[in-house]
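The block underneath contains the structure these notes are about, expressed in structure tokens.
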Amino acid sequence: MRLLLVEDDAMIGEAVLNALRTAHYAVDWVRDGAMADTALRSEQYDLVLLDLGLPQRDGLEVLRALRARRNTTPVLVATARDAVGDRIAGLDAGADDYVVKPYDTDELLARIRALIRRSAGRAEPAFEHKGVSLNPATHEASLNGQPVSLSAREWAVLEPLLARPGTVLSRAQLEEKLFSWKDDVSSNAVEVYIHGVRKKLGNEIIQTVRGLGYLVPKQ
Ligand code: CA
């Protein structure tokens with residue numbers, strides 16, 4: 001899953017970035033509203049963590065512009081503890097949820113998981129399909145009830161495919177889930193991690209769709 005972190009405070013941004021990366025997310029971090037706007041126009045994210053008080057362009061403005069483009073990316077706004085007015089304005093501008101600063105990391109991660117889950121149309125916390133289970137909260141994977149150890153990047157290619165069985169994702173789309181701007185991507189990285197997933201969970205779990213990409217079969 002790929003997240004956009006919009007935060008102008010260097011210390012908070014650094015801490016959140018580390019927490020998100022530790023939780024296996026690919027993260028792009030921008031520090032002002034104009035950069036956030038540019039990033040949201042050019043990339044597809046699974047979630048945006050949006051600070052409202054930003055230089056260049058206010059967070060609310062960025063959010064309103066995003067929704068005016070009919071972009072439905074889940075947005076979690078960050079506000080100060082006593083800023084009830086900001087929270088209401090954020091929700092009314094199209095945010096899906098809010099989190100108060102200073103962040104409680106565990107709560108932040110739980111809210112992110114909940115929003116991503118909801119945006120994929122799921123109610124249950126774990127992805128379950130054809131005997132494979134992935135629990136984003138615990139990072140536990142299993143096959144027919146037996147624990148399987150996946151690397152962070154094997155997880156990152158499997159999760160978006162397992163989230164929507166029957167939907168084809170191209171190699172480029174999977175690369176976006178795996179890496180943020182700063183990473184160096186080798187041309188066969190996605191194939192390497194898919195190979196790893198197949199070795200651990202069986203060849204059938206991810207199918208190659210020639211010329212298009214990959215999918216987890218529905219049946
Ligand atoms: Ca700020």
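Sequence positions, counted from 1, serve as the residue numbers for this chain. Counting convention: from 1, in listed order, for ligands and their atoms alike.
Between Tyr193 and Phe179, the ring-plane angle classifies as tilted under the 30° and 60° cut-offs.
Note on Asp9: not counted as a metal contact of the Ca ion (ligand 1), no N/O/S atom lying under 3.0 Å. For a distance bound of 3.0 Å, the N, O or S atoms of Gly53 include one lying that close to the Ca ion (ligand 1). Not a single N, O or S atom of Glu7, from either the backbone or the side chain, sits less than 3.0 Å from the Ca ion (ligand 1).
Counted by atom type alone, Arg67 and Thr73 present zero donor-acceptor pairs between their side chains at under 3.5 Å. A donor atom on one side chain and an acceptor atom on the other are found under 3.5 Å apart for Asp28 and Tyr45.
Taking the N/O/S atoms of Asp8 in turn, the shortest distance to the Ca ion (ligand 1) belongs to OD1. When distances from the Ca ion (ligand 1) to the N, O or S atoms of Asp51 are compared, OD2 comes out shortest.
Residues Leu4 and Leu49 are not in side-chain contact: their nearest non-hydrogen atoms beyond the backbone lie 4.5 Å or more apart.
Heavy atoms of other residues, nucleotides or ligands lying less than 6.0 angstrom from CD of Glu204 number 12 at most.
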